[in-house]
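Within every chain, numbering begins at 1; the chains are lettered A, B, ... in the order of the sequence lines, protein sequences first and strands thereafter.
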2 protein chains.
Amino acid sequence: MVQIPEQPAPSLPAQRSVPTSADVARVAGVSRATVSYVLNNTGAVRISEPTRRRVHQAARDLGYVPHAAARSLRAGHSRMVLMPAPTVPAGPLYSQFFNELQWALSRLDYTVVQYGSVGLQGDEAARAWAELRPVAVLVPGSGLGPQGVAVLKRSGARAVVTLGPERVEGAHALLMDHSIVGRCAGAHLLARGRRRVGVVMPEDPELELFSKPRLEGVRQALHGQDATVTEVPLAYEEEAAAQLAKGWRSLGLDAVFAYNDEYAMLLMRALKDEGVRIPDDTAVIGADDLMLGRLLRPRLSTVHIELPSGQELAELVDRAVRAAGAVPETHEVLGATVVHRAST
Amino acid sequence: MVQIPEQPAPSLPAQRSVPTSADVARVAGVSRATVSYVLNNTGAVRISEPTRRRVHQAARDLGYVPHAAARSLRAGHSRMVLMPAPTVPAGPLYSQFFNELQWALSRLDYTVVQYGSVGLQGDEAARAWAELRPVAVLVPGSGLGPQGVAVLKRSGARAVVTLGPERVEGAHALLMDHSIVGRCAGAHLLARGRRRVGVVMPEDPELELFSKPRLEGVRQALHGQDATVTEVPLAYEEEAAAQLAKGWRSLGLDAVFAYNDEYAMLLMRALKDEGVRIPDDTAVIGADDLMLGRLLRPRLSTVHIELPSGQELAELVDRAVRAAGAVPETHEVLGATVVHRAST
DNA sequence: TTGAAAGCGGTACCAT
DNA sequence: ATGGTACCGCTTTCAA
């Protein structure tokens, strides 16, 4: 076997390492400054058309791609908006909201990046995020404390926005109080004449963030109404639902708020198999207004949830970035309305 | 109203700008080099314990967070693994896979980042990604061409891995050929004695990536078997399903592969409402093996899909990064098995 | 054990 | 119209 030494192609220099603007300059026969002016279309400086062409040509030939880190290091800032990547499967509702947001932000010339923060606790995660020096940070859920906000701001984040149950000192807040979902459901059941209301509590601890406020909302709606609220723990498994259904009558409930439509479907199936009539014996209401609720029989009543538009949030972020240091805004953004169908 | 001029707290210098390692050095009374040694636990250099303490103290006091861009600029590489953020709501299957992957990669000391690439076409997106100089890029779906792979590699990416229907020149490939899902479903229906098979084609163009290969798989399974395959377009809406069901009998189908469990549920409901008996008149099979299939009546037969473990993919990435330049691996990773229930 | 200084890849000011 | 150059924050030789 003949050893053929690796020869660089004669036409272009041996491109083993990443081309830099200096390489482009060398090939084009100009200075690095000129390369920068041309590639960034710097308005304040006029570069002759032939030179521009040579620079562009050289950049293309070399496959030059600017180095974001170097650029933002020099500039002292970036246009990166950072969010933690969701750790729990996002429903269609949230996915759509997030896509909208992403689209709107890129329209405003921001770069959206989701940071995979598995195993990092709140303020510890904040340090990791801060290393990237994002211009803005969007944090869904709770878990980011005032400390974390402070770290981010001290690291140059011009806007920190939380989307969650409560305000955090120093951050803009999109308050998403899920108790309103429970209140809607509770009020509806009450209006339908139900008094002994169960509330399904998913056993997945990740969901407590939503399930607890929803439960609390039901409590609020039924408070002082000669009605009872009963927590009904349920794992998202057929067997668990069957067990629950078996003892259902002994719970003496005439209605149940099933956390969301998926748990509602799980429970309804088990109840039906047990001969519990819906809504006669037990009314069932879900939440999220998923397609599947319309397909169930009886059709599932549900709480339709309205998230803020991604467009609006994007504008809030942009405003906050421009007017950094302004007093943080707080918006109540969760809307909820009952969609009454046959199951209640 | 008395104007109170903003005074910096006297204890610490006015922290308007972001603290750097030089600030830490100044406060600790050491050089920047020493700060770097201490904070990175550099093994080759011994720093006295009192000095270490002073540095750590200063860093904490200032709220110092290292600048990732500066660090990786100097180092010449990063540990960032980049993926495009999904643009279509990810199901529980994919979400779990992705969480596993993320976790496994962070165990290997990589940082996982999802880049929001809305409105960017394949190779154009690749340039944007390349600006971040990730050490590895993971691209689900098609859309990245050999050009894009080349751009990424020239920009220093030591591994490019595609997860999709086909190999891409220069990149490692996790081949996910969804035709196997259709083949499974087709073979199953055939074995159940069905010969006139419909295949639901979602109208969402984002889903073509999966629906076309699945259709093709059904065709393969039924080829030369005196059976027919009929495409059945369907939008994910109740009304569309009702319309389809109305003309169902005239289609003369004795079985249908419904793309996935959600479309199956939509279709089954409409068929039932129209008095079409399942499985007697028409057998229905879905895919993805979602919980909801078990809750339908009749219980939904489905194609259970097996994705690679996130752990395995993480190891592939790590191997590829270490042995950059090695010949790209190709793995066939999609498993599919029929789960036979009552609907077929 | 610690410090001085070069340099990573760009940008922008100041000359020419 | 272009080039020279200082500098962004950090790591890492090399010297002291």
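The local environment of CD in B:Glu329 is crowded, with over 12 non-hydrogen atoms from other residues, nucleotides or ligands closer than 6.0 Å. Taking a 6.0 Å sphere around CD of A:Gln96, one finds it holds 12 or fewer heavy atoms contributed by other residues, nucleotides or ligands. Within a 6.0 Å sphere centred on CD of B:Glu169, other residues, nucleotides and ligands contribute 12 heavy atoms or fewer. Around atom CZ of A:Arg107, no more than 12 heavy atoms belonging to other residues, nucleotides or ligands sit under 6.0 Å away. Remark: A:Glu131 CD is packed, more than 12 non-hydrogen atoms of other residues, nucleotides or ligands lying under 6.0 Å away.
If you measure from atom CG of B:Asn40 to atom P of C:dT2, you get 16 Å, rounded to the nearest angstrom. The CZ atom of A:Arg154 sits 17 Å away from the P atom of D:dG9 (whole-angstrom rounding). If you take NE2 of A:His77 and C1' of D:dG9, they are 16 Å apart, rounded to a whole angstrom. When the C1' atom of D:dC7 is taken as reference, atom NE2 of B:His67 falls 13 Å away, rounded to whole Å. Look at CG on B:Leu39: it is 16 Å from P on D:dG9, rounded to the nearest Å.
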Discussion item. At under 4.0 Å between heavy atoms, how does the protein contact nucleotides 3-8 of chain C? Give one character per nucleotide, 5' to 3', with B, S or -.
Written reply: BB-BBB

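Side chains of B:Thr330 and B:Arg167: a donor on one and an acceptor on the other come within 3.5 Å. B:Trp129 and B:Ser117 are linked by a side-chain donor-acceptor pair at a separation below 3.5 angstrom, with hydrogens and angles left out of the test.
A heavy atom closer than 4.0 Å to some atom of DNA chain C occurs in no member of residues 41-51 of chain A.
Backbone-only engagement by A:Val65 is indicated by non-hydrogen atom pairs under 4.0 Å involving sugar-phosphate atoms exclusively.
Note on B:Arg133: a side-chain N or O is less than 4.0 Å away from OP1 or OP2 of C:dG10.
Contact between A:Tyr64 and A:Ser21 at its shortest, heavy atoms only, is CE1-N, 3.4 Å.
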